[in-house]
2 protein chains.
Amino acid sequence: MSLRATPYNALVTAPTTQSADVCEVACVHPEAVVLAKSALPDERCATEATNFLKLLGDTTRLKILSALQTTELCVCDLASVVGISESAVSHQLRLLRTGRLVAFRKEGRVVYYRLADEHVTTLIRSALEHARE
Amino acid sequence: MSLRATPYNALVTAPTTQSADVCEVACVHPEAVVLAKSALPDERCATEATNFLKLLGDTTRLKILSALQTTELCVCDLASVVGISESAVSHQLRLLRTGRLVAFRKEGRVVYYRLADEHVTTLIRSALEHARE
DNA sequence: TTAACACATGAGAAGTTATTCAGGTATAGT
DNA sequence: ACTATACCTGAATAACTTCTCATGTGTTAA
């Protein structure tokens, strides 16, 4: 996960010149293509959404987030719960903070992290449900 | 995305020897740690869930899946809709097939892909909703 | 049979990611 | 002031991902 919002394939994707004829490239079902194309989320939303999903799509981060579903925890605690180094946790927390998936409060030298969003809980629950079936 | 189910950090993660004292490593809030630890999803579920979320966490795949929410489409169509090469689409479809996010039917030499699962639609909708707010 | 088409796949290149390690900063206690 | 603690961060490295290009497979049409 990069901290910048620029996705890998933003540079690679063909420049979609929205001319009159949508189906310039060879395609089999023009009407279906037009329909599907109009249903695509706009670029910004798609990027935001994938950045969000990317953050959930990592075992370490999913564990961190799962742990935070029960209670707020400090970095030390999280390292202990997840079973990795504090440094690794800290790096991941930075990504989660940047993506606004977690919030935190400082108390002296201890930093308590918590989930920032209901969506996180919902999505994790859905994904786990899907995984179990 | 690898096709194998072995995650990157399965080999790196410290071996959690589940001895009597859960908090062997230094940690600040033992009770919170125990609580959070018991709430962690088991390893297999966490892996499956993250594999699923990983598949959603890519702009190209999200576009493919979004397109398939409207109607079934062949590889050609998808390439046209998303704006990338057929080969790239095909590679991504393989991952989505392996992860059982899409299903397909063959008709002559054309292969029609469709979403395999309600969860996919739900999750995409949630993620986009989160992205927009 | 031959050619064209729709799709799949392997190899390789270029980019991205997650960890460790070696330092940092800020706060609390002595 | 000095030390320990809790946390953060940059650099480096190994692993992973996603594309392109070349090629292979199966099906239809001439």
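Worth saying up front: this structure is predicted, and the values here are computed from it rather than measured. Quick note on labels: first sequence line is chain A, next is B, and so on, each numbered from 1. All heavy atoms count here, side chains included; hydrogens, waters and symmetry mates do not.
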For B:His130, give me all partners under side chain to side chain donor-acceptor pair (under 3.5 Å), at least two apart in sequence or on another chain.
A:Asp117
With clusters defined by side-chain heavy atoms of hydrophobic residues (ILVMFWY) lying less than 4.5 Å apart, directly or transitively, does B:Tyr112 cluster with B:Leu68?
no
Is it the case that one hydrophobic cluster holds both A:Leu93 and A:Val110, taking links as side-chain heavy atoms less than 4.5 Å apart, direct or via other members?
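No; tracing contacts between hydrophobic side chains, which count when under 4.5 Å, never links both residues.
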Whole Å only: how far is the [atom1] atom of [X] from the [atom2] atom of [N]?
| X | N | atom1 | atom2 | result |
| --- | --- | --- | --- | --- |
| A:Lys54 | C:dA18 | NZ | C1' | 14 Å |
| B:Leu95 | C:dA8 | CG | C1' | 13 Å |
| B:Asp77 | C:dC7 | CG | P | 8 Å |
| B:Asp58 | C:dT16 | CG | C1' | 12 Å |
| A:His29 | C:dC5 | NE2 | C1' | 13 Å |
| A:Leu62 | C:dT17 | CG | P | 18 Å |
| B:Leu56 | D:dT18 | CG | C1' | 17 Å |
| B:Ile84 | D:dT17 | CD1 | C1' | 14 Å |

[X]: partners by side chain to side chain contact (heavy atoms under 4.5 Å, CB included), with sequence neighbours left out:
| X | value |
| --- | --- |
| B:Ala36 | A:Ala67, A:Thr70, A:Leu73, A:Val81 |
| A:Ser38 | none |
| B:Ala127 | A:Ala49, A:Phe52, A:Leu53 |
| B:Gln69 | B:Leu115, B:Thr121, B:Ile124 |

Summary of salt bridge (charged side-chain N to carboxylate O under 4.0 Å, His left out) pairs that have at least one residue in residues 119-131 of chain B, sequence neighbours excluded
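As it turns out, there is no salt bridge (charged side-chain N to carboxylate O under 4.0 Å, His left out) pair with a partner in residues 119-131 of chain B once direct neighbours are skipped.
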Applying salt bridge (charged side-chain N to carboxylate O under 4.0 Å, His left out), which residue pairs with at least one partner in residues 95-109 of chain A are found, sequence neighbours left out?
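Found A:Glu72-A:Arg105, A:Arg105-A:Glu107.
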Salt bridge (Lys or Arg N to Asp or Glu O under 4.0 Å) involving A:Arg44 - partner list, sequence neighbours excluded:
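Per chain and number, A:Arg44 pairs via salt bridge (Lys or Arg N to Asp or Glu O under 4.0 Å) with A:Glu48.
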Taking only side-chain N and O atoms of B:Gln92, does any of them lie within less than 4.0 angstrom of OP1 or OP2 on D:dT17?
no
On DNA chain C, check which nucleotide each of B:Tyr113 and A:Val89 is closest to and give me the residue with the more 5' one.
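It is B:Tyr113 whose nearest nucleotide is closer to the 5' end.
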Taking only nitrogen or oxygen atoms into account, show me every contact under 3.5 Å that the protein makes with nucleotides 9-12 of chain C, one pair per line with its distance.
from   : atom 1 : to      : atom 2 : distance (Å)
C:dT9  : OP2    : B:Arg97 : NH2    : 3.4
C:dT9  : O4     : B:Ser87 : OG     : 2.9
C:dG10 : O6     : B:His91 : NE2    : 2.9

If an axis is fit to five pairs at each end of the helix from C:dT1-D:dA30 to C:dT30-D:dA1, what is the angle between the two, to the nearest 10°?
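So the angle between the two local helix axes works out to 10°.
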Could you list the cluster mates of B:Leu35? Members are the ILVMFWY residues connected by side-chain heavy atoms closer than 4.5 Å, either directly or through other members.
none
Between residues 100-112 of chain A and DNA chain D, which residues have a heavy-atom gap below 4.0 Å?
A:Arg109, A:Val110, A:Val111
